[in-house]
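Since the model is a prediction, treat every value here as computed from it, not as a measurement. Lettering follows sequence order; numbering is per chain, from 1.
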Amino acid sequence: MTVEGTGLAVFVSTAVPSAVDLLAEVRDLAMPEIIVSVFACLALLVAAGAGPRHQRLAGWASLGGTALGLVSVVSIWIAQGRTLPRIGLAGMYVVDEFALLFKGIAVVAAAVTIAISMRFLTEERTERGEYYALVLFATVGMMLVPSGADLLSLFIALELMSLSVYVLVGYLRGDGRSNEAAMKYFLLGAFSSGVLLYGMSLVYGVAGSTRLVDLAVALPQAISANGDLVLLVGVGVALLVAGLAFKVAAAPFHVWAPDAYEGAPTPVTAFMSVGVKAASFALLVRILVDGLGPLRAAVESGWPGWDLSVGVLAAVAMTWGNLAALTQKNAKRLLAYSAVAHSGYALLGVVAGNRMGYTGLVLYIVVYVAMNFGAFAVLIALRRGTIAGDGIEDFRGLAARAPGMAALMTVFMLGLGGIPPTAGFVGKFYLFAALVETGDRWLVALAALALVNTAISAYYYLLFVKAMYADADEAGAPALATSPGLLAVVVVSGVLTLAVGVYPQPVIAVSGAAAERLEPAPGPKPTRNSAERAAPGGRAR
Amino acid sequence: MLPITNFILLSAVIFSIGAVGVFFKRNIITILLCIELMLNAANLAFVAFASYFGDSTGQLFVFIVMTVAAAEAAVGLGLVIAIFRNRETLNVDEANILKL
């Protein structure tokens, strides 16, 4: 008894201080996530406690949580900017400018989603507090993803986000479209998680560690030491790239996106196309650039490199997304294909792999948040009473009924199309210029393809403008379902889209700071061109 | 002790059965089971490598994956019930309101 008692005392005396240390470390590194998690639980409690008529209280609580979370993210950046990057929790968690920027995007996406959801849920007659809690839980996942420094923490964060979003997509329980969208998104999402996980296990089997920093060192060594491992690493990396392509909805791994986007409640579609997409790109950058960066290019020992496959993914995603969008009648489905194309554009930054490319990738995601949320907010205002409001024909005559809304929708469409003087132009300019800067003729050709794609996409974005300004009004259509929150989102997004287009320097500076620690592709490109010339037909890039 | 390749080959076979099943099975619950097969193939590979390296990270990964798989099953079965209430069928080919 005494022996057991001493054992317990020893255990307590060692475990308690280490637990206290651990909690202090969590507090130092993950304060924004703690705040958002606490408010998510609070929203659940409010939802359970408040009567059916007061469910919106949970929404206000969640909005407060996102505001505090944003304050926390910004204060970490300002107060601890010089001590970044900070790595902790046994090397699994990293806080740097890249992570902080994507955490900021996640909380802003959550706040905007909640703001545009309130009126929408009333119109759907299904305002329940757990909706807001689920948005916040998904947001915690999105905030943890960019901080992942280990395959394990990345996987947990990804699943926390995905599982919450599956439920949100199926939130309209009685609506067959919402059910079906949730089922398709869930099955393909779980499938892609399995693919990603198997890739992780194979990569772990070669490297002997799941830390991204260890992978970056161990994998190239293993390949050069033992040529037989090339196959194992190759299969592992191919599965990782395929799984990531599923997550960012890059064609041909995008089949879930149009159905999930069309069937989900429109605010959730907006949340998916902005928040989930940004977090998925953070995951992609962490794994491909931080973990597998040294495997980017081909080497003599037979390693083929992943840059070719990502380049092909980008080209296919842009072209497929834009061509498929041309024939769509449903606005949500059209924006889903447009989101596939935008994934392709953003991947160009990873393909270029230089400082400008990474800056362009981050910049593009930031401006995409503003433009896409604006467009979806306008779409949500069209959902009212008995009108579904998600067809392009629902935009007819909007300029006569709501001139301000129509003007801002035009700004968003020009922005998504990449037409100056909007933010979309600045983002695309950076990405395309980064490709040209590499000097590699295949990458310059890819930039040319991207330009052609931009021209194609202008057609379907201008369809909305034509419907709003040139087509006749529907007689007797009810007024738009606006709310102060929704109007604020539309106006702020419109102002940002224009302001960043005219004066982009601050956003470029922030994006550059966030991308600064991403390792650029090593070696000058000209060496590679000369190698290709020396061995024609060796490897068609 | 068996060589590590045996475990990896077995896990690759299980993973392939799961992945092929996802595309060829039509019942949602069977597809869910196939996805579980894929996750467990990864688990097998993780424990095999963990034992090979004498490293605990792989075993840690397995516990996390099992937890995630349980959560995933909960969400998946919830969706299955919602769909069955609306449709009275669990065949994915009949889920065609949204055009493919």
Side-chain angles (χ1 to χ4, degrees), chain A residues 150-153 155-156 158-160 162-164 166-167 169-170 172-211 214 232 235-236 239 255 258-263 330 333, chain B residues 4 7-8 11-12 14-15 18-19 22-23 28 31-32 34-50 52-55 57-58 60-62 64-65 67-69 71-76 78-87 90 92 94-100:
Chain A
D150 189 297
L151 294 178
L152 185 54
S153 48
F155 183 72
I156 300 171
L158 172 73
E159 288 303 303
L160 175 58
S162 303
L163 288 173
S164 312
Y166 300 145
V167 181
V169 171
L172 303 175
R173 278 185 307 207
D175 178 2
R177 298 205 307 167
S178 181
N179 286 161
E180 187 178 319
M183 181 194 80
K184 287 178 176 167
Y185 185 37
F186 170 75
L187 289 179
L188 283 166
F191 173 77
S192 62
S193 291
V195 170
L196 203 56
L197 187 70
Y198 199 66
M200 286 179 179
S201 76
L202 294 185
V203 166
Y204 165 69
V206 175
S209 166
T210 51
R211 299 268 184 290
D214 294 345
L232 196 57
V235 174
L239 289 173
V255 283
D259 286 343
Y261 279 39
E262 184 183 345
N330 180 294
R333 208 173 173 85
Chain B
I4 180 92
F7 293 100
I8 303 315
S11 86
I14 297 176
F15 181 82
V22 169
F23 288 104
I28 301 175
I31 296 177
L32 272 175
C34 290
I35 290 171
E36 294 294 315
L37 270 187
M38 293 168 67
L39 296 180
N40 283 319
N43 280 348
L44 178 60
F46 269 119
V47 278
F49 286 129
Y52 177 75
F53 290 121
D55 171 50
T57 320
L60 193 64
F61 225 117
V62 171
I64 299 289
V65 171
T67 318
V68 166
E72 212 162 61
V75 169
L79 290 174
V80 164
I81 290 172
I83 288 170
F84 191 75
R85 277 193 184 145
N86 280 337
R87 306 271 177 91
L90 289 180
V92 283
E94 289 171 38
N96 52 8
I97 305 178
L98 305 165
K99 55 196 163 176
L100 264 173

- request: Could you pull out the closest heavy-atom pair between Ala82(B) and Asn179(A), with the gap in Å?
  value: O-OD1, 3.5 Å

message: Given 3.5 Å as the limit, does a donor-acceptor pair link the side chain of Asn86(B) with the main chain of Arg177(A), or not?
response: no

- line: Here the pair of heavy atoms bringing Ser201(A) nearest to Ala45(B) is OG-CB, 3.6 Å

message: Counting heavy-atom pairs under 4.5 Å with chain B, which one of Gly189(A), Gly199(A), Ser209(A), Gly174(A) comes out on top?
response: Gly174(A)

message: As an exercise: rank Ser162(A), Ser193(A), Ala190(A) by heavy-atom pairs under 4.5 Å with chain B and give me the winner.
response: Ala190(A)

query: Relative to chain B, which segment of Val195(A) carries a heavy atom at a distance below 4.5 Å: side chain, backbone, both, or neither?
result: both

- prompt: Once the angle between the rings of Phe61(B) and Phe155(A) is folded into 0 to 90°, is it parallel (under 30°), tilted (30 to 60°) or perpendicular (over 60°)?
  reply: tilted

query: Any side-chain heavy atom of Tyr198(A) within less than 4.5 Å of one from Ser11(B)?
result: yes

- prompt: Is it true that a side-chain atom of Tyr52(B) and a backbone atom of Gly208(A) form a donor plus acceptor pair closer than 3.5 Å?
  reply: no

task: Please tell me if the side chains of Leu32(B) and Phe186(A) come closer than 4.5 Å, counting only heavy atoms from C-beta onward.
output: yes

statement: Output for pair (Phe191(A) CZ, Phe23(B) CZ), nearest 0.5 Å, gives 4.0 Å

- request: Below 4.5 Å from any heavy atom of chain B, which atoms of Leu197(A) appear? Answer side chain, backbone, both or neither.
  value: both

query: For Leu79(B), is it the side chain, the backbone, both, or neither that has a heavy atom closer than 4.5 Å to a heavy atom of chain A?
result: side chain

- request: Identify which part of Leu188(A) has an atom lying under 4.5 Å from any heavy atom of chain B, answering side chain, backbone, both or neither.
  value: neither

- prompt: What closest approach, in Å, do Tyr204(A) and Phe53(B) show between heavy atoms, and which atom pair accounts for it?
  reply: O-CE1, 3.5 Å

- line: CZ of Phe15(B) to CG of Leu239(A), rounded to nearest 0.5 Å, is 5.0 Å

Toward chain A, the part of Ala69(B) with a non-hydrogen atom under 4.5 Å: neither

message: Restricting to non-hydrogen atoms, name the atom on Gly194(A) and the atom on Leu39(B) that form the minimum distance, rounded to 0.1 Å.
response: CA-CD2, 3.8 Å

statement: dist Thr57(B):OG1 -> Asp150(A):CG (nearest 0.5 Å) comes out at 7.5 Å

query: Which bit of Phe84(B) comes within less than 4.5 Å of chain A, counting heavy atoms only: side chain, backbone, both or neither?
result: neither

message: Any heavy-atom pair between the side chains of Val22(B) and Leu187(A) that's under 4.5 Å?
response: no

message: For Leu163(A) versus Ala71(B), what's the shortest heavy-atom pair and its separation?
response: CD1-CB, 3.7 Å

query: Which heavy-atom pair separates Phe46(B) from Met200(A) by the least distance, and what is that distance?
result: CZ-C, 4.0 Å

message: Heavy-atom cut-off 4.5 Å, strictly under: side chain, backbone, both or neither for Ala19(B) against chain A?
response: both

statement: When the 4.5 angstrom heavy-atom criterion is applied to Ala48(B) and chain A, the contacting part is neither

